[in-house]
Each structure stands twice: as C-alpha cells, then as structure tokens.
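The block underneath contains the structure these notes are about, expressed in structure tokens.
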There are 2 protein chains.
Amino acid sequence: MNVEHDTRTRILSTARVLFHGRSYADVGIKEICDLAKVQKGSFYHFFPSKQDLAMAVIDDMADEWAHGFVAEAFDQNLPPLERLDYMIDAAYYWQKAAKDIEGRMPGCLFGNLALEISTRDDVLRAKLNAVFEKASRRFHEALDQAVELGEVPPLDCEATSAAMLAFLEGIILLAKTRNDPEVIRDLGPAIKTLRIELAHPN
Amino acid sequence: MNVEHDTRTRILSTARVLFHGRSYADVGIKEICDLAKVQKGSFYHFFPSKQDLAMAVIDDMADEWAHGFVAEAFDQNLPPLERLDYMIDAAYYWQKAAKDIEGRMPGCLFGNLALEISTRDDVLRAKLNAVFEKASRRFHEALDQAVELGEVPPLDCEATSAAMLAFLEGIILLAKTRNDPEVIRDLGPAIKTLRIELAHPN
DNA sequence: TTCATAGATGACCGGTCGGTCAACATGAAG
DNA sequence: CTTCATGTTGACCGACCGGTCATCTATGAA
C-alpha cells in the first residue's frame, strides 16, 4: 500500500520542492526523476503529463496547507483578528526558514505558479483560482466573526477578505523580489487596516 | 540612425509583448526572432544573451511606464489621494484592454518576472527590485503630501507606500488568476485604507 | 578606390525538452 | 502453472533550446 504509492509520493514531493524553489518551466521531468530516484518510464506510469503532475502538486500542497498552519492560524478558538496576525507570522517564519536554508526566498508556490502559467494553461489557472478562493473564505469567516463580536465596524466581508489575500500575496511577492522575509513582518500587520465598505443600497 | 536601431527596437518590443503575455522561460529566442522578422545572428549581434535581453526589456518597460501613465497618475497637480485612485484606474483599464484583445489578463510584467526568475537570477532580481523601489517612491511622495495637507493623519509613509505597492501587485495577481480585471476595480480602492503607524519612539 | 566597421544571414552546435515504448519483474488470484 | 494487473527499466524519439560562427553586404570616411 504505502510501498505502492511510495514512488508516486517521492515524485510529488520532489516536484513540489523544485517547482517552489525555481519555476514550472525551469524544472524538467528528468531532474525530478533523478532527484526522486525514479525512472522516467515510472514517472509516466503515474502522471500522464507534466501538466497532470502540476495539478497533483497543487492539490498536494493545498491539502498540506489546509491541514497545516492554515488550520492553525484560522483556529476557531483564536480571536478573529489574531488569526490574521497568526497567518502573517506563519508566512514570515516559513519564508525566513526557507531563506536561511537555501539562501533564497521561494515565495508562495500558488502565487508563483499563478503568474507563470495562468496565461498559458487555463486548467491550471482555474485550479489555482480555486485554491485562492478557498483561502479567501478563511479570511471571510474571520471577518464575519470579528464584525459579529463588534471588534470591527461592519464592512463588505466578501470584498475585504479578497483584498486581504491579495495583500498577503503582494507582500510575499515584494519580499521575494527583495529576497528579504522581513518585508512580510514589516508590512504584514497592515492587513488589519484594509477595509472595503458595504455598498450603499440606494 | 533610426534605421540602425530599428532591428534592435523590433526585437525589444516583440520580446516585451511575448514575455508579458506568457513567461520568460516559455518564450524562445527563435520565436522572438521570427515575430520580429530578424535573423538569429542579428539578435546576438545586439544582445549577448537572453538575460541581457531581459534586462533591456525591463529597462524599456520601466522607462515607458515612468514617462507614461505612471507620470500621469502621480501628476503633482493632482490631489495626493486621487493619484492612488488614478493608478488603480490605469491598471484596471490597461488589463481590461489587454484582456479584450487577447482574451487573457497578462498582469504586471515586473511582478510576473519577479516571481518567475528572482530565485534563479540574482541580477535580474536586483533590477526588478529597483523598479519596485522606484515605484514605491511615487507612493511615498503622494503620502507625504497627503499628510502635509492634513488629508490623512500622520503615518509611516515609507512602510505604507511599500504596502500599497504590494497591495497593487497582489490585486493584479489575484485578477490574473481569476482572469477578470474587475477584481482590480473592486478591490483597488481599498488601497487608501492601508496604514502603517509610525513606530513609537521609546 | 580602398578599407574598416556595423549589420545581416542561415547553417550549425551540443544539450535538453516532454514524451513513448517494448521488455521485464513481481505478486496475487484462478 | 497460468494469467493478469501493477509497476520498473532504460533506450529511444523528434523537436526545440540558447548560443556560435564564417561569410556576405552596405555604408561612409580617408
């Protein structure tokens, strides 16, 4: 069981690391196979194409996120606004750890892939969009609860949650470009100041 | 004079369009040459390598930006906060026009390149970082003036301007992933709500 | 008229790309 | 013992990659 899927898992995690650290186009299947100690023929036994591999990598990482520190950060027991800080912190420490090890900030795998391939591959684009929408929903929940608890004046939670996700991705983009995770820490807390007012019902 | 540089210019503008619409790695020199109606040998007469071409493309677009709608948006005669709206508007209309023509949102060339190659090529990364820093300075100016005019309570203009740029890039990223320029219009105005307070002097 | 220089041409290079395939190993079910 | 499914192996494919180069042409100064 676990042995059967071991090869597949090795391919998947190797591909994830390489795609994240460089880019989709820059990483070849040969390189993935070599590092994962898998033969090329075996690769194509599990994944029909490089695109399918990318799909699986996205699913894989989205799952790990959802059950990992995203679940922690958006813990229902945490005060809603603290969850935002937690999320920023988690992003910061993650990127910092990666930079300390590899010397470079990998940024957000989803953001990286989105900008690289969403003009070329509509299927992958749609999948990445779904990941972002799911992430946005976490912000949405937190905002709803913050409003309910009176911690924040009423606002357009739908739009604001999307804006917060955009801000997070933007900060990571800027930090990666500066190769300096501190950007996340310095700018991140401003996420709580973002507000989009409710549209006036005429 | 203009004839001499015509070939170079054709290469440059063709490369810009292709890099912007797809990605750096996905566009080959052969394709650029074909579209620009230039022979490969001629290409390498003007550009020593693909990396040098990328440098030139970034410079080229940064120049066109600086003297184009960025200069318009950050017109000193405009009220500072209106400049922010102008910038969002400009981004929106640009992306919308591009999508109407090509069917896909290209996003921001600088953001695209930054995420794709800043882990692989430190020279290009540094250049893109410089572009962002220059852009951030425009926001900085506007914020300084807004504070001076009392339109906004005092704040950390340095950090907030960087946050605003991050937000802009993040919005474009999200819009590109959704392939829907309206995201820029819907979330963009929240840029004015971003605030990073001045650090307390102990 | 000569000569140097800038530019244009297209064949060519080794290497890598994503992907295919026939042959073979393994192990469980009949 | 046979059959079949699952998985492994590595040679192989044509296309394309970034980049090189010898050769030719056009131009303008001396």
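So that the names make sense, note that chain A is the first sequence line, chain B the second, and so on, each numbered from 1.
Listed by first and then second residue, the salt bridge (charged side-chain N to carboxylate O under 4.0 Å, His left out) pairs that reach into residues 66-77 of chain A come to none, sequence neighbours excluded.
Between the CZ atom of B/Arg8 and the P atom of C/dA6 there is a distance of 15 Å, rounded to whole Å. Atom-to-atom, CZ of A/Phe43 to C1' of C/dC17 comes out at 13 Å; the value is rounded to the nearest Å. Rounded to a whole Å, the CD1 atom of B/Ile11 is 11 Å from the C1' atom of C/dA8. Between A/Lys37 atom NZ and D/dG10 atom C1' there is a gap of 17 Å when expressed in whole angstrom units.
The base of D/dG18 lies close enough to the side chain of B/Lys40 for a donor and an acceptor atom to sit less than 3.5 Å apart.
Taking the ring axis of B/Tyr44 as reference, the NZ or CZ atom of B/Lys50 does not stay both within 45° of it and closer than 6.0 Å to the ring centre.
Scored by the ring pair (Phe, Tyr, Trp, His ring centres under 6.0 Å) test, B/Phe69 finds B/Trp65, B/Trp94 as partners (sequence neighbours excluded).
When each of D/dG7, C/dG18, C/dA8 is scored by its nearest atom to the side-chain atoms of B/Phe46, the top-ranked nucleotide is C/dA8. Picking from D/dG19, C/dG19, D/dG7 the nucleotide with the shortest atom distance to the side chain of A/His45 gives D/dG7.
In terms of heavy atoms, B/Phe47 sits closest to B/Ala56 at CE2-CB, 3.7 Å.
Within the structure, every side-chain polar atom (N or O) of A/Tyr44 is placed at least 4.0 Å from both OP1 and OP2 of C/dT20. The phosphate of D/dT8 has neither OP1 nor OP2 within less than 4.0 Å of any side-chain N or O from A/Gln39. For C/dG18, neither phosphate oxygen OP1 nor OP2 lies less than 4.0 angstrom from any side-chain nitrogen or oxygen of A/Ser49.
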Residues 96-109 of chain A, side-chain donor-acceptor partners within the protein, below 3.5 Å, at least two apart:
from: A/Lys99; atom 1: NZ; to: A/Asn179; atom 2: O; distance (Å): 3.0
from: A/Arg104; atom 1: NE; to: B/Thr119; atom 2: O; distance (Å): 3.4
from: A/Arg104; atom 1: NH1; to: B/Thr119; atom 2: O; distance (Å): 3.4

For a quick test of your reading: what N or O donor-acceptor pairs under 3.5 Å do the side chains of residues 184-191 of chain B make, sequence neighbours left out?
from: B/Arg185; atom 1: NH1; to: B/Tyr92; atom 2: OH; distance (Å): 3.4
from: B/Arg185; atom 1: NH1; to: B/Glu182; atom 2: OE1; distance (Å): 3.1

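A salt bridge links A/Lys127 and A/Asp59; the closest N-O separation between the charged side-chain nitrogens and carboxylate oxygens is under 4.0 Å.
One end of the helix from C/dT1-D/dA30 to C/dG30-D/dC1 points its axis 10° away from the other end's axis, with each axis taken from 5 pairs and the angle rounded to 10°.
At a threshold of 4.5 Å between non-hydrogen side-chain atoms, the residues B/Glu197 and B/Pro154 do not count as touching.
When only modelled atom types and interatomic distance are considered, A/His67 and A/Asp63 share no side-chain donor-acceptor pair under 3.5 Å.
Annotation: proximity of residues 14-33 of chain B to DNA chain D (heavy atom, distance under 4.0 Å) is found for B/Val27, B/Gly28, B/Ile29, B/Lys30, numbered in ascending order.
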